[in-house]
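Here is the structure we will look at, set down as structure tokens.
Worth knowing before you read on, the calculation uses all heavy atoms, side chains too, and leaves out hydrogens, waters and symmetry mates. Bear in mind the structure is a predicted one, so any value in this text is a computation, not a measurement.
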Amino acid sequence: MAGGLAIVLSGGGAKGAFQVGVLDELIRQRGVDFETAVGTSTGAIQAAAVAQDDIGMLLQFWQGIAGPGDIYKKRQSKLLAILTGISSIYSTGGLEKLLKQAFDDQRIRATGKNLRLAVVNLTNGELRIVGENADRIADWVYASSAMPFFFAPHATRSAQGLDEQWVDGGVRDVTPLDAALVERPRAVLVVRAGARPKADRPKTYASLIDVALRSVDLQSREVSENDLKNVNLINRLLTARTHQHRVLRDLGLPQSQIDTVMRPFDDEISRFRLVPTMVIEPETDLYDTLDFDPPLLAQNMERGRQHVRENWDEIARFLGVAP
């Protein structure tokens with residue numbers, strides 16, 4: 001069903017706590033209903049909770065994290081892991097267990113909401129969008145969160161008997177806006193986990209882990225910047241369309257002539273499924289991608305709630321809901 005609201009949740013690891021606060025304030029406190037939830041990486045966790053219509057569970061998920069060990073554990077020897085061909089330097093049994101406890105295929109399907117999770121096939125490089133009708137959705141949420149090198153890929157076998165490995169959707173699409181536009185919502189709200197890229201203080205990165213994390217962060221920033229440019233372009237085109245309609249009406253043209261003049265423009269708008277889009281993001285990052293520190297997570301969740309409170313009139317007007 002088209003015409004509802006869509007929410008898109010970006011990647012960002014532990015920074016996803018900001019998204020949790022935003023969702024808590026929007027959905028639980030203010031009753032906003034999203035028909036479509038799209039997520040990649042940490043955003044896949046939040047999107048699945050929206051689709052399952054269970055933000056209370058999402059809060060328990062994040063508030064129950066006592067530290068990084070609940071999500072991942074270091075292998076005994078990172079060097080040995082690399083040399084012996086193990087597919088990640090961290091084991092993620094904790095995260096996988098939490099996801100299986102959190103999400104239920106039947107409960108998600110029963111809500112009638114659209115779920116779209118971005119995952120990347122490491123075998124052939126394909127970006128795939130997994131929907132609410134997939135089996136073992138918790139496994140696909142994990143796959144979307146499986147940051148290469150750090151977390152092991154999710155392994156499957158295709159119908160043709162081929163072994164496949166699936167990893168973090170952020171490898172190809174940090175903010176999967178297109179997956180929301182396909183559903184033709186009336187508006188899209190993008191909630192980024194991390195702050196918009198800013199110039200960094202010069203810093204050296206000595207260890208293999210630090211270098212790898214820094215590289216992932218830089219790659220994510222580049223992809224994310226391109227996503228935001230697309231958002232700005234969409235909104236400018238829609239604003240230009242509205243302005244042009246107004247100019248033609250002021251010139252006294254009848255509606256039939258306005259429709260004829262605007263048809264090529266409107267056809268392109270329809271072809272690319274462009275709809276109004278708003279971006280919510282934190283002003284700064286409190287911590288790094290894999291820093292699952294409970295006090296900081298709680299602080300970041302509260303920042304998400306506060307952002308909605310402070311900007312509620314604007315957000316409500318954009319979404320077309322009662323303030």
Side-chain angles (χ1 to χ4, degrees), residues 1-11 19 22-23 26-27 30-40 43-44 46-53 108-119 126-134 137 140 144 169 172-192 223-224 226-246 255 258-281 314-322:
M1 181 174 65
L5 296 173
I7 190 161
V8 176
L9 299 138
S10 79
Q19 298 172 327
V22 169
L23 293 173
L26 283 176
I27 296 174
R30 301 183 185 269
V32 178
D33 181 45
F34 292 98
E35 179 182 89
T36 298
V38 181
T40 192
Q46 280 67 265
V50 173
Q52 191 166 282
D53 202 13
I108 288 175
R109 291 170 195 150
T111 67
K113 296 180 183 293
N114 301 317
L115 175 63
R116 303 291 181 262
L117 306 175
V119 296
E126 170 198 4
L127 173 70
R128 179 179 294 182
I129 303 299
V130 175
E132 69 278 356
N133 291 318
I137 288 174
W140 290 110
S144 186
R172 290 280 307 273
D173 201 346
V174 176
T175 311
L177 181 61
D178 287 347
L181 297 179
V182 167
E183 303 303 323
R184 297 186 179 276
R186 72 171 185 264
V188 177
L189 183 66
V190 174
V191 185
R192 286 166 43 85
V223 176
S224 182
N226 289 334
D227 292 339
L228 289 177
K229 289 176 183 176
N230 289 338
V231 167
N232 293 334
L233 176 60
I234 288 171
N235 287 336
R236 292 216 301 264
L237 285 172
L238 292 174
T239 299
R241 175 184 178 276
T242 300
H243 175 73
Q244 190 64 24
H245 269 277
R246 186 180 303 117
Q255 189 60 48
I258 293 175
D259 291 342
T260 300
V261 171
M262 293 298 298
R263 186 167 295 119
F265 195 1
D266 288 343
D267 286 347
E268 289 302 299
I269 295 289
S270 177
R271 175 188 170 199
F272 289 101
R273 307 182 184 93
L274 304 185
V275 299
T277 304
M278 172 183 277
V279 177
I280 290 177
E281 59 192 350
E314 180 186 1
I315 294 171
R317 188 163 52 251
F318 171 79
L319 295 177
V321 299

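For Arg263, the side chain to side chain contact (heavy atoms under 4.5 Å, CB included) partners are Asp259, Thr260, Asp267, not counting sequence neighbours. A search for side chain to side chain contact (heavy atoms under 4.5 Å, CB included) contacts involving Ser144 returns Thr40, Ala44, Val119, not counting sequence neighbours. When the side chain to side chain contact (heavy atoms under 4.5 Å, CB included) test is applied to Ala51, the partners found at least two apart in sequence or on another chain are Ile108, Leu115.
Taking CZ of Arg184 as the start and CD of Glu35 as the end, the distance is 13.0 Å to the nearest 0.5 Å. Between the CZ atom of Phe318 and the CG atom of Leu5 there is a distance of 8.5 Å, given to the nearest 0.5 Å.
The closest side-chain heavy-atom distance from Leu189 to Ile280 is below 4.5 Å. Side-chain contact check for Leu181 versus Val188: some heavy-atom pair is nearer than 4.5 Å. A heavy-atom distance below 4.5 Å is found between the side chains of Arg116 and Glu183. Between Met278 and Val190, every side-chain heavy-atom pair lies at or beyond the 4.5 Å cut-off.
Annotation for Leu23 and Gln46: closest pair CD1-CB, 3.7 Å, computed over non-hydrogen atoms. Residues Lys113 and Phe34 share a closest heavy-atom pair of NZ-O, 2.9 Å. Closest approach of Val38 and Ala47 over heavy atoms only: C-CB, 3.7 Å. Pairing each heavy atom of Pro185 with each of Val275, the nearest pair is O-CG1, 3.2 Å. The minimum heavy-atom distance between Ala240 and Phe265, with the atom names listed, is C-CE2, 4.4 Å. The two residues Val130 and Ala134 have their closest heavy-atom pair at CG1-CB, 3.4 Å.
Side chain of Gln19 to backbone of Val191: a donor-acceptor contact under 3.5 angstrom is found. Remark: side-chain polar atoms of Arg186 are not paired, donor with acceptor, to backbone N or O of Ala6 under 3.5 angstrom. Panel note: side chain Arg109, backbone Asn133; a donor-acceptor pair is recorded below 3.5 Å.
For Glu126 and Arg172, the salt-bridge test fails: no basic side-chain N is under 4.0 Å from an acidic carboxylate O.
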